[in-house]
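A short worksheet on the structure shown next.
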Amino acid sequence: MTPVPPLPDRFRGCLLACAIGDALGAPIEFLSLPHIRDRFGARGVRDFVTSADGLGSFTDDTQMTLFTADGLIRAAAPPAHDPLPFLHRAYVRWLATQREAGAPDIAPDLPGWLGLHPALQARRAPGATCLGALHAHRPGSTEAPLNNSKGCGGVMRVAPIGLACTDPSRAFGLGCAAAALTHGHPSGYLTAGVLAALISVLTQGESLDQALEHARALLRPHAGAEETLAALEAAQTLAQAGPPSPEALETLGEGWVAEEALGIAVYAVLATTTLEEALVLAVNHGGDSDSTGAIAGALVGTRDGTAAMPIRWVSRLEAQDLIEQVADDLYQATRHGTVDLERYPTDQERARFPDTGAPT
């Protein structure tokens, strides 16, 4: 029996595998499956491919995931009653790294510790919906959406919420709210709530099937849940139907919209037995390969930890040390209330959002 990874290792596993899946899929995003096979062989991409950004480089998916962690860390000590403003401010810090004219002013802590790293300053094809929403005069919410987008830019970034929240129902609610800052369609934010809940349950050592059962129970009562419920059911049914294949995966969609991206990632993890198999399956299709790889990575990395990761991927992953440090900092902040104030200065956030007293 595979040993259960200790909790700090699950945090590292989640963020590292998220970035690995992102980096595996990024060079083949927009390529059709036949084109992928023409270039890389019948089995498709199975290792990092050098791109314009280098070998093992990730995209805005990982950047925003790390900024999600940053916001949660800053909200953790003392625990903020509502971490959501801290998350929005963290996303605005990410926006500043993208050299967007007219980005909201967050000086003098611009861009913060994460934003000083070259990999976080790089512009990696950021999603138009995220950029536009973060320029808005107010944050989006489920009650007052900014748009009707259900793109996967909301779900792909919320895995740290699941790590931070020991209560899956709280993870679900905060995941929905965090995605609704930029994505206003129910499928755009409910999928994020599901992913956060899945990660929360997986950190407790449960199986993905058990986590899905719990997440579906949280999802069902919500208006607009039909598409996400259908995507999860399709993924589970397909995983039980026979050997995994890219052709089977593509029947779930292309992953550009949130429910398809989540369904593809869930299928890739359920239909395989190892982290490597899951990520290879998750990215080799004619769709949003980096986002489906990132979401699958977050799931399988939380479940299996760092010992399951091929060393050739970990050692060549961009900013590996930074990702591990953020994972460790998130664990210390959310489980022990310890925050390194040099890396995560909170004075301005606490002055703007002083309401504290409830756990994150």
Side-chain angles (χ1 to χ4, degrees), residues 18-19 21-31 51-53 57-71 87-104 111 114-115 119-136 139-141 145-161 175-193 195-196 253-265 282-283 285-298:
C18 175
D22 183 9
L24 279 173
I28 58 173
E29 186 182 22
F30 306 115
L31 298 183
S51 68
D53 297 309
S57 57
F58 48 70
T59 75
D60 62 312
D61 293 29
T62 297
Q63 290 176 339
M64 295 196 76
T65 298
L66 294 174
F67 274 97
T68 299
D70 176 89
L87 290 171
H88 183 251
R89 191 164 168 84
Y91 296 147
V92 173
R93 280 195 294 276
W94 167 79
L95 180 67
T97 69
Q98 301 300 291
R99 300 179 295 284
E100 281 284 299
L114 282 181
L120 277 295
Q121 291 180 339
R123 191 175 172 101
R124 303 278 173 81
T129 299
C130 288
L131 294 177
L134 292 172
H135 274 293
S141 68
L146 291 173
N147 53 47
N148 195 39
S149 175
K150 63 171 183 174
C152 66
V155 63
M156 57 77 169
R157 67 183 190 236
V158 300
I161 293 173
C176 290
L181 292 170
T182 57
H183 289 69
H185 190 286
S187 296
Y189 58 78
L190 290 173
T191 50
L195 179 61
E254 296 181 332
W256 303 111
V257 294
E259 74 275 13
E260 290 181 2
L262 180 63
I264 288 169
V283 302
H285 61 90
D288 195 352
S289 298
D290 58 329
S291 295
T292 56
I295 298 168

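These values consider heavy atoms only, across backbone and side chains, with no hydrogens, waters or symmetry-generated copies.
- Under a 3.5 Å cut-off, the side chain of Asp22 and the backbone N or O of Thr62 do form a donor-acceptor pair.
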**Prompt:** After noting the C-alpha distance and the side-chain angles of Ile28 and His285, does the key distance pass the side chain to side chain contact (heavy atoms under 4.5 Å, CB included) rule?
**Reply:** CA-CA 9 Å; Ile28 58 173; His285 61 90; over 6 Å; no
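- Closest non-hydrogen pair, Ala192 versus Ala179, comes out as CB-CB, 3.4 Å.
- Within the 3.5 Å criterion, the main-chain N or O of Arg157 finds a donor-acceptor partner in the side chain of Thr68.
- At least one donor-acceptor pair closer than 3.5 Å links the side chain of Thr292 to the backbone N or O of Ala282.
- With rounding to the nearest 0.5 angstrom, the CZ atom of Phe58 is 12.5 Å from the CG atom of Asp290.
- Using a distance-only test at 3.5 Å, with no hydrogens or angles considered, no donor-acceptor pair links the side chain of Glu29 to the main chain of Ser291.
- A distance of 11.5 Å separates OG1 of Thr191 from CE of Met156, quoted to the nearest 0.5 Å.
- What you find for Gly175 and Ala196 is that their closest heavy atoms are CA-CB, 4.2 Å.
- At least one donor-acceptor pair under 3.5 Å links the side chain of Gln63 to the backbone N or O of Ala119.
- Lys150 is not listed as a side-chain neighbour of Pro186, based on a closest heavy-atom distance of 4.5 Å or more.
- Closest approach of Ala178 and Ile161 over heavy atoms only: CB-CD1, 3.6 Å.
- Judged by distance alone, with hydrogens and angles left aside, the side-chain atoms of Arg123 form a donor-acceptor pair with the main-chain N or O of Gln98 at under 3.5 Å.
- The CG atom of Leu134 sits 7.5 Å away from the CG atom of Leu181 when rounded to the nearest 0.5 Å.
- The heavy-atom pair separating Gly253 from Ile264 by the smallest distance is O-CD1, 3.6 Å.
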**Item:** Full working for side chain to side chain contact (heavy atoms under 4.5 Å, CB included) between Leu114 and Arg93
**Value:** CA-CA 9 Å; Leu114 282 181; Arg93 280 195 294 276; over 6 Å; no
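- Contact annotation: the side chain of Pro145 never approaches that of Tyr189 to less than 4.5 Å [non-hydrogen atoms, C-beta and beyond].
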**Request:** Decide side chain to side chain contact (heavy atoms under 4.5 Å, CB included) for Val257 and Ser187; before the verdict, give the C-alpha distance in whole Å, the side-chain angles of both, and the deciding distance to 0.1 Å.
**Result:** CA-CA 8 Å; Val257 294; Ser187 296; over 6 Å; no
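- With hydrogens and angles disregarded, no donor-acceptor distance shorter than 3.5 Å links the side chain of Thr182 to the backbone of Gly154.
- Between Asp288 atom CG and Phe30 atom CZ the span is 7.0 Å, to the nearest 0.5 Å.
- How far CG of Leu66 is from CG of Asp61: 11.0 Å, rounded to the nearest 0.5 Å.
- Without hydrogens or angle criteria, Thr97 side chain to Leu120 main chain gives a donor-acceptor distance under 3.5 Å.
- Of all heavy-atom pairs between Ile295 and Ala261, the closest is CD1-CB, 3.9 Å.
- When all heavy atoms are compared, the tightest approach of Ser57 to Ser51 is OG-OG, 3.4 Å.
- How far CZ of Arg124 is from CG of Asp60: 10.0 Å, rounded to the nearest 0.5 Å.
- Between Tyr91 and Asp70 there is no side-chain heavy-atom pair separated by less than 4.5 Å.
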